[in-house]
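In what follows, a single structure is set out as structure tokens and then discussed.
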Amino acid sequence: MNLLIIMASNPYSHDFNTVVKLIEASLKRNHKTKIFFMANGEYCLLREEIKNLHEKGLEVYYCAHNAEQRKIKPESWAESSSMYGLAKLMTEADKVLIFD
Amino acid sequence: MNLLIIMASNPYSHDFNTVVKLIEASLKRNHKTKIFFMANGEYCLLREEIKNLHEKGLEVYYCAHNAEQRKIKPESWAESSSMYGLAKLMTEADKVLIFD
Amino acid sequence: MVNTVWIIKRPADFPEIEMLEDEDFIILIQDAVLRPLSDDKNWAACKEDVEARNIRIPEDKCLSYEDIIDIIEKADKVVVW
Amino acid sequence: MVNTVWIIKRPADFPEIEMLEDEDFIILIQDAVLRPLSDDKNWAACKEDVEARNIRIPEDKCLSYEDIIDIIEKADKVVVW
Amino acid sequence: MAKKKVVVLIKSNPFSWKVFEALRLAVGASMEHKMHVVFIKDGVYSLTDWKPQLIGIEPFDKSIEALGMMGAEIIAEEEAIRERGLILKKWPAEIKVMPKDDIAELIKDSEVVLSW
Amino acid sequence: MAKKKVVVLIKSNPFSWKVFEALRLAVGASMEHKMHVVFIKDGVYSLTDWKPQLIGIEPFDKSIEALGMMGAEIIAEEEAIRERGLILKKWPAEIKVMPKDDIAELIKDSEVVLSW
């Protein structure tokens, strides 16, 4: 399946652990797996775990507006996007999960 | 009085608004006012409001360990400290409020 | 002279009755203002948090942030719950 | 064939009864595992979240993250509550 | 690759940034999908005459207006409004007040539900 | 400029980073002050044999040990443990189990209370 996770929770939260573990499992099952960071989720872009998951195949997107607002400068493995970009990702996804 | 606020909540939270407004009021009353950022509170160091309050007299400290962990690089108007530094600030304070 | 000031942030999330003394004072802030207290308690609410939520609380129960700072200054100690 | 999968994160924070259908499936994760459900509901819990909290939930009610992914794949839709 | 029936379900009160972000998401998604923004439980406070600026939050008016222009449906739970004794503000888009049962049906019929 | 009687009051469960950070603060503060770390309500889960690593959190053992060495008192609410049917783990420091009433007295007597 094509799985999209929208992450709006901060990186030292219950949701962060859940999201990391779900993504690991989804990649193990060879599902196309994408994450979109927004709101306080942007801070997760600073955690190693996300970079490591990207190296295992996770596609990483983020809301550029929220990142700028929070003065976060994501590295190049994360793709700058927008709420319209998220709408497009939703079109392609079989399942969409949100954590906020 | 010598007021110390410990801030462990993230910057887009109820607590952030409360803390900013309390500090403004404390500075207006000419109290010596200090804030110590730790845990997810470190992200607050990236918000303009804190810098502005510092310019009005707020003394800003943060836990260097938590900042490094979160890959936050605070500007020079914020003073790098530790949990032991916080203990010292508590010694000098007349009142200590925590927001987490 | 105020004993302990309790700052309450969430509706219905209070220190237990054992902890509160008669001379203690309760300040409701943030979402705690959504549930005002009964008149047998010493309490007040943060005026801006009340107005932001468009809640009706009697004017004499409403405190500016400067009022809150003055109460904190005079208190024996302050507990943010 | 599962209808809707509801992923519940907090104890006692559930969709209201109107929203749940008989064929729906409930997965408890995070602190929601602290309050297991009664047997008249279709439910299971995230095994790691259960073990982390040292809670007793029957083995056959516990799901690995890969099990959860498989259930998500087969579901009609998934709502994280 | 089709247009989806999406519900953005707002159950938290609006006095933090959460609901503001939910509405931003809803506006973006309504460009591609059939959008329903549904306020239930404490979420209905969002539609009253509250004052976001007083607590450092951006107002919702622009997002609500954009949702209206994009043909999104905006729905508020009748029981939640009544139980809380609230009065809804006049917004720059139509707000439908709907009983719980109908909201449950709407959620059953949708393909994606994003709950806040 | 004196040593203060400080209570770090832990009322949240330990399954997020909150309690870990609270204990770090308590260890630091116990170098300068008379420290009491008091676990009440869901906070008492912190002292059971739970498995932080499984949910990405650092274990508390080192902090508890440091508190013991620094002469901090560690206290758990008797009623909270009983109501939840919990069993406390053996920790590298003494844990005193205390009824609510005594905890209330301790809080009344303290100069600084930091609630988590």
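Note that these values count all heavy atoms, side chains included, but never hydrogens, waters or copies made by symmetry.
- When atom types are taken as modelled, the side chain of F/Lys4 and the backbone of F/Ser110 share no donor-acceptor pair closer than 3.5 angstrom.
- For the pair B/Thr18 (side chain) and B/His14 (backbone), a donor-acceptor distance under 3.5 Å is present.
- Between chain F and the residues B/Asn66, B/Leu97, B/Leu86, B/Val96, the largest count of heavy-atom pairs under 4.5 Å involves B/Asn66.
- In this structure a side-chain-to-backbone donor-acceptor pair under 3.5 Å is missing from F/Glu94 to F/Ile74.
- For F/Ser30, no part lies near chain B; criterion is any non-hydrogen pair under 4.5 Å.
- Only the side chain of F/Val6 comes within less than 4.5 Å of a heavy atom in chain B; its backbone stays farther off.
- For the pair F/Arg82 and F/Glu79, the salt-bridge criterion is not met [side-chain N within less than 4.0 Å of a carboxylate O].
- Taking the six-membered ring where tryptophan is involved, the planes of F/Trp50 and F/Phe60 are perpendicular, since the angle between them exceeds 60° and thus also 30°.
- Counting non-hydrogen atoms of other residues, nucleotides and ligands closer than 6.0 Å to NZ of F/Lys51 gives a total above 12.
- Contact count against chain F (heavy-atom pairs under 4.5 Å) is highest for B/Met83 among B/Met83, B/Lys88, B/His65.
- Within residues 25-62 of chain B, the residues approaching chain F closer than 4.5 Å by heavy atoms are, in numerical order, B/Met38, B/Ala39.
- In this structure, NZ in F/Lys18 is found 8.0 Å from CH2 in F/Trp116, a value given to the nearest 0.5 Å.
- For F/His33 (side chain) and B/Ala87 (main-chain N/O), a donor-acceptor pair under 3.5 Å exists by modelled atom type.
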